[in-house]
Colleague: 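This is the structure I have questions about; it appears just below.
Indexing begins at 1, ligand by ligand and atom by atom, following the structure's order.
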Amino acid sequence: MELFAEQGDGHVAVLRHHGLVDAMAIYDLGCGSGRTAQALQRAGWQGSYVGADIVPGLVQEMRRSCPGYVGKVHLDPSIDAADASLDMVFHWSVFTHISVEECFLYMQDTFRALKPGGKLIFSFLEIGHVPHEQVFDSRVARRARGKQLALLDTFLHPDWIRHWAARIGFEPPAFTSGNDGTHHPPFWQSLVAMRKPL
Ligand SMILES: C[S@@+](CC[C@H](N)C(=O)[O-])C[C@H]1O[C@@H](n2cnc3c(N)ncnc32)[C@H](O)[C@@H]1O
């Protein structure tokens, strides 16, 4: 199977592991061209899906490939949804490319938009986790050689995420390396899930 589809199916397995069922209202931050949306559609999942991204062409492609789902261009570091309206907010490879301030703002606004008991699930590059730290070190070395870093790659530490979660009001987050393969196919980044208290 093509990697794009295989990874999308992996996203759905992660969501199912964290309790995704039909009829939920879910929000895919940084949905891109619809990797997760297409996988949800293939899996026959029924519910209210909103994908948001800052790149209009990607949102257009997501809408084209998944006509039953909603795609929004949303530029602010916020969740384009009413208070306490969502069962799940998730994002893959998004906190990897934005500033830590924006990460915090997205987490804070996610809390507002989640229903009590709703979940936030996301992937991140983890400082202190060997394969990720090797990427960090190679970027440091590149910059030290006088080269520019074309893309912003943001690395987070679980302690920061724990701290932000507590500050915002989430229950203590649960982390996995993403790679143990017990509940879903190996992911290429670390994963964290946290719940808004009931
Ligand atoms: C590496 S891609 C991942 C796309 C998708 N989540 C997936 O797994 O296929 C990162 C996505 O985040 C989007 N993005 C970047 N900065 C963003 C921001 N501040 N708010 C929302 N989306 C953003 C990009 O346009 C891109 O579609």
Colleague: Give every residue pair that meets the salt bridge (Lys or Arg N to Asp or Glu O under 4.0 Å) criterion with at least one member in residues 103-122, sequence neighbours excluded.
Modeller: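 As it turns out, the salt bridge (Lys or Arg N to Asp or Glu O under 4.0 Å) pairs with a partner in residues 103-122, which skip direct neighbours, are Asp83-Arg112, Asp87-Lys115, Asp109-Arg112.
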Colleague: Using heavy atoms and a threshold below 4.0 Å, how should the contact between Leu58 and ligand 1 be classified: side chain, backbone, both, or neither?
Modeller: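 Looking at Leu58 and ligand 1, just side chain atoms fall under 4.0 Å.
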Colleague: Thr36 to ligand 1: N or O pair under 3.5 Å?
Modeller: no
Colleague: How far is atom 27 (O) of ligand 1 from its nearest protein heavy atom, and which residue and atom is that?
Modeller: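 Sorting protein heavy atoms by distance from atom 27 (O) of ligand 1 puts Asp53 OD2, 2.7 Å first.
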Colleague: Identify the closest protein heavy atom to atom 21 (C) of ligand 1: which residue and atom is it, and at what distance?
Modeller: Tyr106 OH, 3.5 Å
Colleague: If the condition is side-chain hydrogen bond (donor to acceptor under 3.5 Å, both in side chains), which residues does Arg162 pass it with, not counting sequence neighbours?
Modeller: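 Only Asp159 meet the side-chain hydrogen bond (donor to acceptor under 3.5 Å, both in side chains) criterion with Arg162.
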Colleague: Give the residue, atom name and distance (to 0.1 Å) of the protein heavy atom nearest atom 4 (C) of ligand 1.
Modeller: Gly30 O, 3.3 Å
Colleague: Are any non-hydrogen side-chain atoms of His183 and Thr176 less than 4.5 angstrom apart?
Modeller: no
Colleague: So if I count the atoms of ligand 1 from 1 in the order they appear, which ones are less than 4.0 Å from some heavy atom of Val55?
Modeller: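 Taking each heavy atom of Val55 in turn, ligand 1 has 25 (O) under 4.0 Å.
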Colleague: Arg35 heavy atoms, cut-off 4.0 Å: which ligand 1 atoms fall inside?
Modeller: 7 (C), 8 (O), 9 (O)
Colleague: State plainly whether the residues Asp53 and Lys72 are in salt-bridge range, i.e. N to O under 4.0 Å.
Modeller: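 No, Asp53 and Lys72 are not salt-bridged.
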Colleague: Can Cys103 and Trp164 be said to form a side chain to side chain contact (heavy atoms under 4.5 Å, CB included), step by step?
Modeller: CA-CA 10 Å; Cys103 293; Trp164 290 338; 3.9 Å; yes
Colleague: With respect to Ser93, which candidate in Arg35, Gln7, Gln189 satisfies the side chain to side chain donor-acceptor pair (under 3.5 Å) definition?
Modeller: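 Between Ser93 and the candidates, side chain to side chain donor-acceptor pair (under 3.5 Å) is satisfied uniquely by Gln189.
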Colleague: Report the nearest protein non-hydrogen atom to atom 3 (C) of ligand 1: residue, atom name, distance rounded to 0.1 Å.
Modeller: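 Ranking protein heavy atoms by distance from atom 3 (C) of ligand 1, first comes Trp92 O, 3.5 Å.
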Colleague: In terms of residue, atom name and distance, what is the protein heavy atom nearest to atom 2 (S) of ligand 1?
Modeller: Ser93 O, 4.0 Å
Colleague: Starting from atom 17 (C) of ligand 1, locate the nearest protein heavy atom and write down its residue, its atom name and how far away it is, to 0.1 Å.
Modeller: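 The protein heavy atom lying closest is Ile54 CD1, 3.6 Å.
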Colleague: Is it true that, when you exclude Trp188 itself, more than 12 heavy atoms of the residues, nucleotides or ligands shown sit nearer than 6.0 Å to its CH2?
Modeller: yes
Colleague: For atom CZ of Phe175, is the number of surrounding heavy atoms from other residues, nucleotides or ligands below 6.0 Å larger than 12?
Modeller: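 For Phe175, atom CZ is crowded (more than 12 foreign heavy atoms under 6.0 Å).
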Colleague: Are Arg139 and Phe155 packed together at the side-chain level, in the sense that at least one heavy-atom pair is separated by less than 4.5 angstrom?
Modeller: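 In short, these two side chains touch, coming nearer than 4.5 Å.
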Colleague: Under 4.0 Å, counting heavy atoms only: does His11 come that close to any atom of ligand 1?
Modeller: yes
Colleague: Going by the atom numbers of ligand 1, which of them fall below 4.0 Å from some non-hydrogen atom of Gly32?
Modeller: 27 (O)
Colleague: Near Val94, which atoms of ligand 1 are under 4.0 Å from a heavy atom of that residue?
Modeller: 12 (O)
